[in-house]
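Note sheet for the following structure.
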Amino acid sequence: ALPRAAAGARLAAIDALTLAAEESVELHGGIGFTWEGDIQLFYRRARLLASQWGGHAWWAQRLARALVKERTVNERTVNEQTALADSVAL
């Protein structure tokens with residue numbers, strides 16, 4: 001459950017950080033991307049962190065793998081419990 005939660009949290013954080021930085025640059029227009037404003041620092045930092053943390057596609061794939069693995073384990077557990085119950089009933 002922890003890898004799934006971590007992947008989901010990172011996806012949300014990357015999306016929020018990127019959206020906030022891009023919207024700030026767009027809101028402030030040309031001054032947002034010049035060296036005189038701090039917006040350019042936030043934008044560059046957002047892009048750098050998103051690439052260092054792994055891209056959106058990588059974390060989405062990791063989340064999907066964790067969900068498939070969890071489902072497989074749950075199905076296996078249910079099948080084992082059913083087989084055990086059937087053997088006890090005989």
Side-chain angles (χ1 to χ4, degrees):
L2 187 58
R4 182 182 66 190
R10 287 202 181 202
L11 275 172
I14 289 169
D15 287 345
L17 180 63
T18 304
L19 178 66
E22 289 173 354
E23 291 295 318
S24 294
V25 168
E26 188 173 326
L27 177 70
H28 289 87
I31 195 71
F33 208 71
T34 63
W35 288 100
E36 292 138 7
D38 289 338
I39 303 299
Q40 55 89 17
L41 293 173
F42 303 133
Y43 179 76
R44 293 173 202 277
R45 190 173 295 152
R47 304 261 315 185
L48 179 67
L49 288 175
S51 67
Q52 284 181 341
W53 285 350
H56 188 276
W58 189 84
W59 282 104
Q61 184 180 36
R62 183 169 179 168
L63 178 58
R65 268 190 262 132
L67 290 172
V68 167
K69 184 177 180 180
E70 184 177 304
R71 182 176 179 175
T72 304
V73 168
N74 288 342
E75 287 176 356
R76 193 175 302 144
T77 303
V78 168
N79 290 341
E80 289 171 358
Q81 289 173 351
T82 303
L84 182 61
D86 288 345
S87 67
V88 170
L90 294 176

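Only this structure's heavy atoms are used, side chains among them; waters, hydrogens and symmetry mates stay out. Quick caveat: nothing in here was measured; it's all calculated off a predicted structure.
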**Study point:** With Glu22 via side chain to side chain contact (heavy atoms under 4.5 Å, CB included) - residues at least two apart
**Key:** Thr18, Tyr43
Check your understanding: Which residues pass the side chain to side chain contact (heavy atoms under 4.5 Å, CB included) test with Leu27, sequence neighbours left out?
Key -> none
Review point. Does a side-chain heavy-atom distance below 4.5 Å link Leu19 with Asp15?
Key: no
Check your understanding: Just how far is it from atom CG of Leu67 to atom OG1 of Thr72, taken to the nearest 0.5 Å?
Key -> 10.5 Å
Exercise for review: To the nearest 0.5 Å, tell me how far Leu17 CG sits from Arg10 CZ.
Suggested key: 12.5 Å
